[in-house]
Number of protein chains: 4
Amino acid sequence: MDTTTGPKSDPDQELSRSQRRRRNDIVEAALKVFDRDGYEAAKMIDIAKEAEVAKGTLYLYFENKSVLLEGVIQTAILPALEQIGGAAKVHTGSAQELLEHHIRIIAARQASPEMKMLIRLMISAPEQHAQLIRFFHGHVVQEGLELIRSTLRTGVESGEFRPDVADMDPLVLVGSHVYAPVWHNLFQDEGPLDIDRLVEDNLKMVMSGLLVRS
Amino acid sequence: MDTTTGPKSDPDQELSRSQRRRRNDIVEAALKVFDRDGYEAAKMIDIAKEAEVAKGTLYLYFENKSVLLEGVIQTAILPALEQIGGAAKVHTGSAQELLEHHIRIIAARQASPEMKMLIRLMISAPEQHAQLIRFFHGHVVQEGLELIRSTLRTGVESGEFRPDVADMDPLVLVGSHVYAPVWHNLFQDEGPLDIDRLVEDNLKMVMSGLLVRS
Amino acid sequence: MDTTTGPKSDPDQELSRSQRRRRNDIVEAALKVFDRDGYEAAKMIDIAKEAEVAKGTLYLYFENKSVLLEGVIQTAILPALEQIGGAAKVHTGSAQELLEHHIRIIAARQASPEMKMLIRLMISAPEQHAQLIRFFHGHVVQEGLELIRSTLRTGVESGEFRPDVADMDPLVLVGSHVYAPVWHNLFQDEGPLDIDRLVEDNLKMVMSGLLVRS
Amino acid sequence: MDTTTGPKSDPDQELSRSQRRRRNDIVEAALKVFDRDGYEAAKMIDIAKEAEVAKGTLYLYFENKSVLLEGVIQTAILPALEQIGGAAKVHTGSAQELLEHHIRIIAARQASPEMKMLIRLMISAPEQHAQLIRFFHGHVVQEGLELIRSTLRTGVESGEFRPDVADMDPLVLVGSHVYAPVWHNLFQDEGPLDIDRLVEDNLKMVMSGLLVRS
DNA sequence: GATGAATGAGGGTTCATTCAT
DNA sequence: GATGAATGAACCCTCATTCAT
């Protein structure tokens, strides 16, 4: 006989439909409150109210505040980022086309509200999120940069790109895009970032630079 | 003028030499602790210990924790940023040289530890730092971008730059540099950012793009 | 009689066979957990798990935690004590033999695990167990002491015991035995109590004292 | 400059007069509340009110509830017990006199309110007080029993006591006295224990037993 | 001015109890 | 009847702030 108490007992699979919904409500409420107040200042009672459950209910689904944050990241943030990036691998074409594709993907990924919040959480309390940061660095940042890097090399090999760009730091190609979540966090009130225009301008510069051709 | 009240009464003028020193000790201690722990997690007692004063003394110089943070920003962070940027205005030369100069200045400014901390503080609690963010946006970000923008126009007018870069979003020219403080906050443990190489690669790309010239 | 209500309605009579079994499982589980953790620290969920029922089921049989404790005492503890003492009344013989018999009975009774637990529960929360304590005092302690007292008088009357022991406090005859449950609660880890030897030594002393006979 | 915060920083020596008084107030308040409610049920806020300080003040003097308990034991309970026992070592005389002296000392020690509370605390939560119990067993119980044991041997050697009492378990000589704190915890409402009479009766029995001398 | 002991509001967490299924 | 998810009162502890010395 299963006499375990709550949904916490089997964290991954065996939640009933209504429990999954409840868990999701909590995650979304937490996402909202963490996003609004930051992790430290966020109050469990506010998350509970936002999710329309009692305070104790939060602890049926998440061991404590820190685990709830992990849940938010695992359930709401990382999947959202991966979805965006999913298409990156199925493209073919010239190195220039490929590079353009990658840059567009990366820019789109950075523009998501999840990325905005992820950046905020990680910067707010890096010590407490060391694991998350390592994961993010390895699986989002480095992976994205590596995509650029390999495309640069492909382009050099194919003769499309100048030889000296083979070991260019990929960050210079996407710096303005990875900065987008920071902009969103800080300057949304001062005026939005025109992502599309940024992408086009970035591509223009990346491909041709600024100088007139002699 | 009333001189019977404490050092708080007139923040700029009426401090004795020793009071100014004391105030400075506190600001530096606060800078260190805010940087290490973040604003929310920073404890007043730790700042007091770091400054080698009693807890109550903090409140003789700063009304409360939030005001202390403002003091840190006004006293230690913003001046440091302006110092770096100070040289920006005294340059002459070709548009290309000028642009290179500005980019180098901006990159250097972003690399400073003060910028790292400023970004962290603002992102951690944007609501509480709305004023600061507005100031930062107006006097650091927009000013820097405007510098780039006007140089782009100058270069177009002088025929150095292609005509279509006149309206280019300046952020694409310095995105990887303004991202540096974020990188420092998050990924210092995973490996440093080679700022110098980033600048050179950035300049290379900015000027010439990646494509081989036909 | 109303039979629509649950098993709680009439604690003695109207339980089906399976309900009696269920009730017993709960009482035994509670006994174990109360004994292990103490009343305050004992968790209802642990008792439910131990009894292999759901938490809510506990409340079908016992109104609340306190009533459950009463149930444990009434159902499991007191009967066990009376069983041991049951034989006390059927003895005849010399006062010395009778006294020896009573002391052995009392010693055995005190050595039981139920007594250990009863003492712990009563001492942990005397205010909440005032009724139980009164019952225990009246029906176990005083009854036992009275048995000793009357035997002392019998022995004095019969000339077996010295006259001045007629109104001796009976506790001095069994103090080391009634202390046994305390010892078990506190010092079991430091080494067991040799009850049999204690009884023999006690009897030796009780009968003859320590002094050599002149 | 000493910028440490509170009196906790140097737990043993350097408390000012008023701090010592404050600490003592808290210990006494805690003693009272622990005694009244038991450790688990005792509330920090009640202790604070009893000591007429704010809740936070408790934590200036004691790290947490558990440490406060240790403080109560170290400061109020153990010294009280040792005071009573202090005289035990300075006695000389016949073995009989010595034994009587020791028994009186032990009886007096057990009768103290501190002992009552100590027993309650240890029995209520033995797992959490394992260290205290070991200390108590080693330094109070065994030491007391050893005193009896060695006196018995002395008496046997001197010919005062019968030879067969040399290995007698000392607990049988003082069982009714060490039971006293248990009695006080449980049965104070049902009638007090007449300690003096208990001691006299105990001595009478210990020396001469009950039987008439042939 | 400087100190640091004292304050007490506030937050995270636990767990006895309830009640819809 | 049986279940266990949900509830929310209660409690420990922290720490920004105050104020008597």
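Order of the sequence lines fixes the chain letters, A, B, ..., with proteins taken first and strands second; residue numbering starts at 1 for each chain. No experiment lies behind these values; they were computed from the predicted model shown.
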query = Looking at the side chain of A:Val53, which of F:dT7, E:dA16, F:dG1 is the nearest nucleotide?
reply = F:dT7
message = Going by purine N1 to pyrimidine N3 plus the second Watson-Crick contact, or the G-U wobble pair, all under 3.5 Å, which nucleotide sits opposite E:dT7?
response = F:dA16
message = Can you confirm whether C:Met122 sits close enough to C:Leu132 that some side-chain heavy atom of one is under 4.5 Å from a side-chain heavy atom of the other?
response = yes
message = Within the 4.5 Å heavy-atom criterion, are C:Val53 and C:Tyr61 side-chain neighbours or not?
response = no
task = Taking only the side-chain heavy atoms of C:Gln19 (C-beta and beyond), determine which of E:dT13, F:dG1, E:dT17 contains the nearest atom.
result = F:dG1
task = Check every atom of E:dT7, F:dA6, F:dC12 against the side chain of D:Ala54 and return the nucleotide holding the closest atom.
result = E:dT7
request  = Please work out if C:Ala42 contacts a base, only the sugar-phosphate, or nothing of the nucleic acid, heavy-atom cut-off 4.0 Å.
outcome  = sugar-phosphate
note = Partner of F:dT21 under the Watson-Crick or G-U wobble criteria, both distances under 3.5 Å, comes out as E:dA2
query = Touch check for A:Lys55, heavy atoms < 4.0 angstrom, all strands: base, sugar-phosphate only, or nothing?
reply = base
remark   = Out of F:dT3, E:dT13, E:dG11, minimum distance to the side chain of A:Tyr59 belongs to E:dT13
message = With a 6.0 Å cut-off on the ring centroids, do A:His129 and A:Tyr39 count as close?
response = yes
key: Closest nucleotide among F:dT7, E:dA6, F:dT17 to the A:Thr57 side chain   = F:dT7
